[in-house]
S.K.: 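My questions will all concern the structure given below.
We're numbering straight along the sequence, starting at 1. The figures here come from the full heavy-atom set of this structure, side chains too, leaving out hydrogens, waters and symmetry mates.
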Amino acid sequence: MRHVLLGPAGIPSPNIIAGMMRIHDKSSQEIRHLYQAARTVGINFFDHADIYGGERHLCERRFSEALELTTAEREEVILQTKTGIMTGGPYFDSSYEHIISSVEHSLRALATDYIDVLLIHRPDALVEPDEVARAFDELESSGKVRAFGVSNHTPRQIDLMKTAVRQPIVVNQVQLSLTHSAIIAQGIASNMVGQPDSVTLDGGGIVDYCRINGITLQAWSPFQKGVAPGVLFDEAAYPELHAELHRLAARYEVTALAVATAWITRHPAGMQVVLGTTTPRRVTDAAAGSDLPLTRQEWYGLFQAAGHHVP
């Protein structure tokens, strides 16, 4: 398992993360099996959010109830959670009061004294950076949160946050897969008039911005088709990509899932892949892509097979 370093402090973290979004209806035994599969292949990073499970903090609570981590084992794992999305709308709340309240509830649900990484889940149009900064300062000084980040934020939104927040923004969690890769495609096809991939979205340059500023990109939904439901391993939807994934899987003696993982982990930005599966075998398969040495030709070949333009 290859590791990346989060933030200026250089927190060693595996480049594959186990996402806990779908464990709410799993038995305690199933959660333990999923956890053990992750730990066995070197994944000690578990991603949560206060809204996961339908009922607020439900997945966090199921995780802690199923595992009952000892103090020593808690020190071995990295727990990340997110806040800011409100149910009943949805709408967003990054106020001081909500951030503090959400973290207190997450700490109780996770049965822990501290959260390793806290993310603001979605950009809030009504954000007051001073309020976020006040909350982060209080959470850091009390030892309740050790590092901070964002999710789905553009470069300018991060810059706005940094006008008041003094802690390093160590993470930006964004959607990325072979077939949902505008953040990469728009850089490759830049200055190519008439090419859909050349359209600049969200201000552009989020990958380069994060590399320049030492922010680790975490890829959520790493195997999703795009905006439509379903996964990119669908042969009917992506015949060329399906063929290329399986050709490389045979060459490297891994699964197609491992190759799709490697397409993200191969990128020099040092990205992390956030798995959403609750199937232990898929965790094991994905882990085989952690350090798969895809060549440049193979990497670009997968990109083209997914339907993207290479000038």
S.K.: Tell me whether D50 contacts the main-chain N or O of H57 through its side chain, where contact means a donor paired with an acceptor under 3.5 Å.
M.R.: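 Here the side-chain-to-backbone pair does not exist.
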S.K.: Yes or no on side-chain contact (heavy atoms from CB on, under 4.5 Å) for K225 and H180, after CA distance, side-chain angles and deciding distance?
M.R.: CA-CA 7 Å; K225 284 182 180 179; H180 188 288; over 6 Å; no
S.K.: Begin from the C-alpha positions of S28 and E65 and carry the test side chain to side chain donor-acceptor pair (under 3.5 Å) through to its verdict.
M.R.: CA-CA 7 Å; S28 292; E65 290 172 347; over 6 Å; no
S.K.: Closest approach of S94 and I99, non-hydrogen atoms and distance?
M.R.: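 Taking every non-hydrogen atom into account, O-CD1, 3.5 Å.
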S.K.: Would you mind checking if R266 and E298 are paired as a salt bridge, meaning a charged N to carboxylate O distance below 4.0 Å?
M.R.: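 Judged by the 4.0 Å cut-off on N to carboxylate O distance, E298 and R266 do not form a salt bridge.
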S.K.: Centroid separation under 6.0 Å, is that true for the rings of Y52 and H24?
M.R.: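 Between H24 and Y52, the centre distance exceeds or equals 6.0 Å.
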S.K.: Determine, for K144 against D113, whether the closest basic-nitrogen to carboxylate-oxygen distance falls under 4.0 angstrom.
M.R.: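 No, this pair does not count.
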S.K.: Cation-pi check, R146 to Y114: give yes when NZ or CZ is under 6.0 Å from the six-membered ring centre and within 45° of the ring axis, no otherwise.
M.R.: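 Geometry flag: set, cation within 6.0 Å and 45°.
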S.K.: Calculate, to the nearest 0.5 Å, the distance between atoms CZ and OG1 belonging to R282 and T277 respectively.
M.R.: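 Atom-to-atom, R282:CZ and T277:OG1 are 5.0 Å apart.
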S.K.: Side-chain contact test, heavy atoms from C-beta onward, threshold under 4.5 Å: evaluate it for S64 versus L69 and give yes or no.
M.R.: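 Side-chain contact under 4.5 Å: no.
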S.K.: Would you compute the distance between atom CG of L292 and atom CD of E253 and round it to the nearest 0.5 angstrom?
M.R.: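 One finds 11.0 Å between CG of L292 and CD of E253.
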S.K.: Between W299 (side chain only) and W263 (backbone N and O only), is there a donor and an acceptor less than 3.5 Å apart?
M.R.: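 Yes.
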S.K.: Check whether any side-chain N or O of S181 sits under 3.5 Å from a backbone N or O of I184 as a donor-acceptor pair, and report yes or no.
M.R.: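 No, S181 side chain to I184 backbone: no donor-acceptor pair under 3.5 Å.
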S.K.: Treating R22 as the side-chain partner and G276 as the backbone partner, does any N or O pair qualify as donor plus acceptor under 3.5 Å?
M.R.: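 A pair under 3.5 Å: yes.
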S.K.: For residues Q80 and Q218, is any side-chain donor paired with an opposing acceptor at under 3.5 Å?
M.R.: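 Q80 vs Q218: donor-acceptor pair found between side chains.
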S.K.: Using a strict threshold of under 4.0 Å (side-chain N to carboxylate O), is an ion pair present between R156 and D159?
M.R.: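 Result for this pair is yes, salt bridge flagged.
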S.K.: Tell me if a side-chain donor or acceptor on N172 pairs with a main-chain N or O of N152 at a distance below 3.5 Å.
M.R.: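 Yes; at least one donor-acceptor contact below 3.5 Å.
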S.K.: With a 3.5 Å distance limit and no angle check, can you tell me whether R122 reaches the backbone of G84 through a side-chain donor-acceptor pair?
M.R.: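 Side chain of R122 to backbone of G84, a donor-acceptor pair under 3.5 Å: no, none is there.
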S.K.: Can you confirm whether more than 12 heavy atoms, excluding those of Q29, are under 6.0 Å from its CD atom?
M.R.: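 Open.
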S.K.: Where do L34 and I23 land on the side-chain contact (heavy atoms from CB on, under 4.5 Å) test, with the steps shown first?
M.R.: CA-CA 9 Å; L34 181 64; I23 64 169; 4.0 Å; yes
S.K.: Evaluate side-chain contact (heavy atoms from CB on, under 4.5 Å) for T261 paired with F223, printing each intermediate quantity in order.
M.R.: CA-CA 8 Å; T261 300; F223 313 122; 3.3 Å; yes
S.K.: Got a second to check how far E240's CD is from E235's CD, nearest 0.5 Å?
M.R.: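 The distance works out to 12.0 Å.
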S.K.: Is there side-chain contact between Q272 and L217, with heavy atoms separated by less than 4.5 Å?
M.R.: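 Not in contact.
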S.K.: Between CZ of F233 and CG of L245, what distance do you get to the nearest 0.5 Å?
M.R.: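 The CG atom of L245 is 6.5 Å from CZ of F233, to the nearest 0.5 Å.
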S.K.: Is it true that a side-chain atom of Q157 and a backbone atom of T154 form a donor plus acceptor pair closer than 3.5 Å?
M.R.: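 Yes: the side chain of Q157 pairs with the backbone of T154.
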S.K.: Between E131 and R134, is the closest basic N to carboxylate O distance under 4.0 Å?
M.R.: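 Answer for the salt bridge query: no.
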S.K.: Measuring only between side-chain heavy atoms, which start at C-beta, is I158 closer than 4.5 Å to V150?
M.R.: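 Yes, their side chains come closer than 4.5 Å.
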S.K.: Within the 3.5 Å criterion, strictly below it, is a donor on Y96 or E128 matched to an acceptor on the partner's side chain?
M.R.: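 Note: Y96 and E128 side chains miss the donor-acceptor criterion.
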S.K.: Going from SG on C210 to NE2 on H153, what distance comes out if it is rounded to the nearest 0.5 angstrom?
M.R.: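 NE2 of H153 is found 11.5 Å from SG of C210.
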S.K.: If I compare all heavy atoms of P12 with all of I78, which pair ends up nearest, and what's the gap?
M.R.: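 That would be O-CD1, 3.7 Å.
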S.K.: Should we say atom CD of Q297 is surrounded by more than 12 heavy atoms from elsewhere, each under 6.0 Å from it?
M.R.: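 Check fails, neighbour count at 12 or below.
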S.K.: Looking only at the aromatic ring of each residue, does the gap between the centers of F46 and Y35 stay below 6.0 angstrom?
M.R.: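 Ring centres of F46 and Y35 closer than 6.0 Å.
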S.K.: Do the side chains of V254 and V259 get nearer than 4.5 Å, heavy atoms only?
M.R.: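 Answer yes - side chains close enough.
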S.K.: Tell me, do S13 and L5 make a side-chain contact under 4.5 Å, heavy atoms counted?
M.R.: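 Side chain of S13 against side chain of L5, heavy atoms only: no contact under 4.5 Å found.
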S.K.: Using a strict 4.0 Å threshold on nitrogen-to-oxygen distance, state whether R61 and E55 make a salt bridge.
M.R.: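 Answer for the salt bridge query: yes.
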S.K.: Using atom types as modelled and distance alone, determine if a side-chain donor or acceptor of S290 lies under 3.5 Å from a backbone N or O of R2.
M.R.: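 Yes, because the side chain of S290 sits within donor-acceptor range (under 3.5 Å) of the backbone of R2.
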S.K.: Side chains of E30 and T278: any donor to acceptor distance under 3.5 Å?
M.R.: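 Result is no, nothing qualifies.
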S.K.: Salt bridge check, D116 against R74: does any charged N sit closer than 4.0 Å to a carboxylate O?
M.R.: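 Here R74 pairs with D116 in a salt bridge, since their nearest N and O are under 4.0 Å apart.
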S.K.: Which of these, I17, I16, N15, sits in a side chain to side chain contact (heavy atoms under 4.5 Å, CB included) with F45?
M.R.: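 The option that passes is I17.
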S.K.: To the nearest 0.5 Å, tell me how far L67 CG sits from R32 CZ.
M.R.: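 Separation between the atoms: 7.5 Å.
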S.K.: Quick check: do V117 and V145 have side-chain heavy atoms less than 4.5 Å from each other?
M.R.: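 No. Closest side-chain heavy atoms not under 4.5 Å.
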S.K.: Might you work through the ring-ring contact (aromatic ring centres under 6.0 Å, His included) test for H48 and F63, ending with a clear yes or no?
M.R.: CA-CA 9 Å; H48 291 271; F63 181 85; 4.7 Å; yes
S.K.: State, with a plain yes or no, whether a side-chain heavy atom of V207 is found less than 4.5 Å away from one of H267.
M.R.: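 Touching, per the 4.5 Å side-chain cut-off.
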S.K.: Between L118 and F136, is any pair of side-chain heavy atoms under 4.5 Å apart?
M.R.: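 In contact.
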S.K.: I would like to know whether I115 and S106 meet side-chain contact (heavy atoms from CB on, under 4.5 Å); could you show each step before the answer?
M.R.: CA-CA 8 Å; I115 291 165; S106 288; 3.9 Å; yes
S.K.: With a 4.0 Å cut-off on N to O distance, would you call R166 and D137 a salt bridge?
M.R.: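 A salt bridge links R166 with D137.
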S.K.: Using atom types as modelled and distance alone, determine if a side-chain donor or acceptor of H121 lies under 3.5 Å from a backbone N or O of L119.
M.R.: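 Between the backbone of L119 and the side chain of H121 there is no qualifying donor-acceptor contact (under 3.5 Å).
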S.K.: Is there a donor-acceptor pair closer than 3.5 Å between any side-chain N or O of Q36 and the backbone N or O of H33?
M.R.: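 Side chain of Q36 to backbone of H33: no pair is present.
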